[in-house]
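Each remark here refers to the structure printed beneath this line.
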Amino acid sequence: MTERATASLREIERLAQLVRDARSVVALTGAGISVPSGIPDFRTPQTGLWARVDPMEVAHIDAFASDPARFWSFYGERFATLRSKQPNGAHRALVEMERAGTLQAVITQNVDMLHRKAGTRELIEVHGSIASCSCSRCARSVELERARAALAAEPDGVPRCEHCGAAMRPDVVLFGELLPADALRRAGELCAGAEVLLCIGSSLEVHPVAGLPLLTARAGGAVAILTEGPTPLDELAAVRVHGDVEVELRALARALAS
Ligand code: ZN
């Protein structure tokens, strides 16, 4: 084991103690938790789908409105990539902690459904999820697999509403859109009330989610940051580890179970 990994595990031991002493523990997860499941972080240059396209351009609400066929040629590929991915040990460690009564909720920036697939019950998906699509006119919604079938059946690749024929859209927050107010409010309440906030695999750069740890810190709670790269909030972290999130969360769940 490298020196850094050993140091990380010592920090995890310290984090386990903070978690044991806390009455409320909440997790906030970002793209980094899904990397071990084979989903590259699109902010990492030159990996996967996002290396070939500018997400700000194709996954933008204006792109959906002006050229739904182009939008869906991109999003259809994204669906195909994401739907087969499976949760990893980090997602499962959070489920274990929830079932043991240690973890109150998971707030995630990810749309990949992996927390759902792992079995997290109290889940706030602040950027929505690919689990469903909605009609852009009448708002009727269908599940992912039905939307994929509709997409495959249409000559232009745009899934259309069975009721009114308008283009469907994925139930994710697109670039250029605001986050759902209810989810954001609930996330804010959870973070303000958390005695420990575990920030996992998030670069904490995308607002308004990046402001959530500040709510915990201002209310006197401890912020733990488990993310590979630097974050703008590193200075306020009570615990800071940079290693493999899957190894670290499994170590945390193990320490808490013993
Ligand atoms: Zn409709």
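First listed ligand is number 1; within each ligand, the first listed atom is number 1.
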Worksheet item: So does Asp112 pair up with Arg116, basic N to acidic O under 4.0 Å?
Response: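 A salt bridge is absent here (no side-chain N lies under 4.0 Å from a carboxylate O).
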Discussion item. My understanding is that only one of Glu248, Arg10, Arg14, Glu228 makes a side-chain contact (heavy atoms from CB on, under 4.5 Å) with Val241; could you say which?
Written reply: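 Of Glu248, Arg10, Arg14, Glu228, side-chain contact (heavy atoms from CB on, under 4.5 Å) with Val241 is met by Glu248 alone.
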Taking [X] for its side chain and [Y] for its backbone only, find out whether a donor-acceptor pair lies under 3.5 Å.
X      : Y      : value
His91  : Asn88  : yes
Asp171 : Ser129 : no
Thr29  : Ile200 : no

Worksheet entry | In the protein, N/O/S atoms that are found under 2.8 Å from the Zn ion (ligand 1), waters not counted |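 Listed by chain and number, the nearby protein N, O or S atoms are Cys135 SG, Cys138 SG, Cys161 SG, Cys164 SG.
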Practice prompt. With sequence neighbours left out, write down each residue that passes salt bridge (charged side-chain N to carboxylate O under 4.0 Å, His left out) with Glu98, or none if nothing qualifies.
Written response: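 Partners of Glu98 by the salt bridge (charged side-chain N to carboxylate O under 4.0 Å, His left out) criterion come out as none, since no residue qualifies.
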